Amino acid sequence: MSLAACAFIGAAARAEVIRFEVKSTEPAFAGRTFGKVGSYEIIRGVAHYRVDPALAVNAGLVNIDRAPRDEQGSVAFDADVIILKPADMAKGNGRMLYEMVNRGRPLSIGLLNRVEPGASRGSFTGEPDAGDGFLMNAGFTVVMSGWQAEYPLQDAPPMAVALGSRLPRAPDSTLLSARLPVAREANGAPLTGVTREQFFDVGSAGTFIGYLTYPAADLSGKATLTMRERDADPPISPPGLSWRYLDPWRIEVTKPAGTTPGALFEFVYQARDPVVYGLALASMRDLVSYLRYSDAEGNPVRMRGRAAIEKVIALGASQTGRTLKELVSHFNEDESGRKVLDGANIVISGAGRNSVNSAFARPGLKDAQHSSWGLRGDEFPFSYPVTTDPLSRRTDGVLSHCSAAGSCPRIIHIDSENELWHGGTLTYLDMNGRDLTFPENVRVFVFAGTEHNAAPRPGASPRFCAAPAPAMIEWSGFARALFVALDRWVTNDETPPDGRYPTVARGELVPQSAYKFPQLPEARYVGAFSAKHYYDFSQQPPKRMGSYPLLVPQADADGLMIGGVRHPFVSVPLATNAGWNVRKPGFGEGDLCMATGLHVPFAATRREREERKDPRPSIEERYESQHAYVEAVAQAASALAKDRLLLPGDAQAIVAEAPARYQQAIARRDQAGE
């Protein structure tokens, strides 16, 4: 081998995790054992990274050339890691579930293990923290790593992260040591740029404090503040609207008299120290590569004699689902050219991508009606196949780059119905509103009648939502079955179920004007939808240049989505459950309530239905008896299990729940003495 070739190999291997620092090791789940796998242990540690800006696989990291470097010319940083592994790795299944945690908080175990709300969901020390042990009984090693920067002000809890990244900073930066590297000009001067903050649901008080993602470059510099009551209203600066800097990270806003609690505010200002957030993607890539391939003594999951980790599936939910798209698109090969992820479980991401790999990135925000809009990075391409966008004149797809590199994983993408109302129908459509054909390595599923949260939240909707109750259909059972399908696809090459999602051809995606939701006093559809737009980002705020196709998921006469996967409690209904809810007066009336669905029970009797003028047949008109209802639920659950969309045990649990659901639904009739 030539000296040049040796030098190339050395350079390619430089930028992995250079050291894994174990902070603590202790028994997991209070020593609970899981079948043949036995007990688990928790390793809490810190991964120390070095990224070489000169390597081709890092060239796409925005501002990497302006990040601070160590003596070897690399960018050094570290991040928190939690590993849940079999105490005896030989008893594990040789597979890793990797999760880039959402705002520092793990979601995968809560979702797949069905952890009860009262459990810690983060410490993993108590027995209830394992839920039903789904992942542990199977023998998975679960790895969770932080990547979002901690916020420098302790009085801003919504921005805090539990697992984060601690990275270097310039000596005169106002950032804490817990921030990612910040970009600098070539001469070392702070890098500045015009950016903006968006504030919503700030409360009813006359003033509020707005926290800035990036510090102001000059407290005496030019900045503008505008407001509007509804998402589509033009921004204005009315008399009585004022603001002042409290420090580089905070402004105090004084509202005009009569401002409602739901008003939207937008602040445009000159900021400094943009975080090189693309390094977060490099950290995910390099951690998985290290744990999977490295035989270093410090690798906490290695085994002598054979690889402990043979296959890796990543799971990302909500904003990390959007982030996982970025990871598989451009960063699924490490610096030695090896594949990182074999499978990707992309959960409730809709057609969105995350604002991560851009200057002044805003990871965690979502382009949605009455919240955030015009996010750099959350833009075309919206789906996996390669398509052409007539607005941007680009031809691209989420999998375009990895397809060319031969590094794409197998993907199962799952969404609640709620994602479709936030522009998510573009997952299934090209830019002319026609049905897409998905690549062979992608399966897509949508769960009718569901909201963003997997588990129902009994009680009232958020105070600003018009429909009184959120959707009450659980979709975690589908998530578990499809995770098993992905695992078998990756591990045994077993073909997964065919995708199940709404299409134009079947009349399941339609223009808003054709949407057939029934007229119900408790819930009226008023045209709310988070459309996606094409923006000119050369100015702030960005200028809207055009809009993408706007189609909505069609409903049946009961208001239930007709396409996608239907839970037995949707196909055999006792209520209308939908993926949308709208805001009430004073809170941006008529705009969507982000992440929230609705639930409107059927009348118990025909008499009640007629008194309420409810167009939907009553329960007594639908089902002859409780037995008839339960039998119908059982048939629906059995069909889903046969199609591998429910695990047999989860299907049985749904059938077991059906009698109580029926009794609760007809309770009004009994109380009325009918």
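Keep in mind that this is a model prediction, so the values were computed, not measured.
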Give a yes or no answer on whether the side chain of [X] reaches the backbone of [Y] with a donor-acceptor pair at less than 3.5 Å.
X    : Y    : value
H452 : S318 : no
T395 : T388 : no
D247 : R250 : yes
R50  : I18  : no
N354 : P363 : no
D342 : I313 : no
N357 : G60  : yes
S371 : A368 : yes
W475 : N453 : yes
K325 : G352 : yes

Using side chain to side chain contact (heavy atoms under 4.5 Å, CB included), reason through E335 and R285 one step at a time and then give a plain yes or no. CA-CA 9 Å; E335 294 182 349; R285 173 197 70 194; 3.3 Å; yes
Test log, rule side chain to side chain donor-acceptor pair (under 3.5 Å), inputs E197 and T213: CA-CA 7 Å; E197 291 292 342; T213 305; 2.8 Å; yes
Starting at CG of D415, measure out to NE2 of H422 and round the result to the nearest 0.5 Å.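 Atom-to-atom, D415:CG and H422:NE2 are 11.5 Å apart.
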Distance in Å, D367 CG paired with L365 CG, rounded so as to fall on 0.5 Å steps: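 Between D367 CG and L365 CG, I get 9.5 Å after rounding to 0.5 Å.
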Is R196 positioned over the aromatic face of W373, cation under 6.0 angstrom from the ring centre and no more than 45 degrees off axis?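 Yes.
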Would you say that [X] contacts [Y] through its side chain, given a criterion of any heavy-atom pair below 4.5 Å between the two side chains?
X    : Y    : answer
W580 : L592 : yes
L324 : L341 : yes
D273 : Y214 : no
V143 : V288 : no
L551 : Y428 : no
T425 : V552 : no
Y384 : N441 : no
P549 : L426 : yes

Electrostatic pair [X]-[Y], nearest N-O below 4.0 angstrom:
X    : Y    : value
R230 : D591 : yes
R353 : E326 : yes
E16  : R338 : yes

Does one side chain, of [X] or [Y], offer a donor that lies under 3.5 Å from an acceptor on the other?
X    : Y    : value
T596 : N581 : no
S145 : Y98  : yes
E451 : N418 : no
T260 : E229 : yes
E252 : T207 : no

For V312 and V340, what are the C-alpha separation, side-chain angles and deciding distance, and is it a side chain to side chain contact (heavy atoms under 4.5 Å, CB included)? CA-CA 7 Å; V312 180; V340 177; over 6 Å; no
Test Q198 against S372 for side chain to side chain donor-acceptor pair (under 3.5 Å), laying out the working first. CA-CA 6 Å; Q198 300 169 79; S372 306; 4.6 Å; no
Identify, with sequence neighbours excluded, every residue that meets side-chain hydrogen bond (donor to acceptor under 3.5 Å, both in side chains) alongside [X].
X    : answer
R322 : none
T427 : none
S392 : D389

Is the distance between the ring centroids of [X] and [Y] less than 6.0 Å?
X    : Y    : value
W243 : F199 : no
H413 : Y501 : no
F529 : Y515 : no
Y548 : F382 : yes

In chain order, what residues pass the ring-ring contact (aromatic ring centres under 6.0 Å, His included) check against Y290, with sequence neighbours excluded?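 Scan of Y290 (ring-ring contact (aromatic ring centres under 6.0 Å, His included), adjacent residues dropped) gives none.
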Please identify each residue that fulfils salt bridge (Lys or Arg N to Asp or Glu O under 4.0 Å) with E417, with sequence neighbours left out.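 By the salt bridge (Lys or Arg N to Asp or Glu O under 4.0 Å) rule, E417 matches no residue at all.
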Which is it for H330 and V57 under the side chain to side chain contact (heavy atoms under 4.5 Å, CB included) test, yes or no, and what are the steps along the way? CA-CA 8 Å; H330 284 81; V57 292; over 6 Å; no
Which pair of heavy atoms, one from A47 and one from V81, lies closest together, and at what distance?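 Heavy atoms of A47 and V81 come nearest at CB-CG2, 3.9 Å.
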What's the shortest heavy-atom distance between G364 and Q319, and which atoms?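 Looking at all heavy atoms of both residues, the closest pair is N-OE1, 3.1 Å.
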Partner of L241 by side-chain contact (heavy atoms from CB on, under 4.5 Å), out of T254, V253, I236: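 Testing each of T254, V253, I236 against L241, the sole residue satisfying side-chain contact (heavy atoms from CB on, under 4.5 Å) is V253.
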Report the C-alpha distance between K532 and D378 in whole Å, list the side-chain angles of each, state the deciding distance to 0.1 Å, and finish with yes or no for salt bridge (Lys or Arg N to Asp or Glu O under 4.0 Å). CA-CA 10 Å; K532 286 190 173 291; D378 189 6; 3.7 Å; yes
Derivation and outcome, side chain to side chain contact (heavy atoms under 4.5 Å, CB included), residues D231 and F200: CA-CA 10 Å; D231 193 83; F200 57 97; over 6 Å; no
Anything under 3.5 Å between a donor and an acceptor, one on a side chain of residues 398-407, the other on a protein residue two or more places apart or in another chain? List them.
{"unit_1": "S403", "atom_1": "OG", "unit_2": "L399", "atom_2": "O", "d": "2.6"}

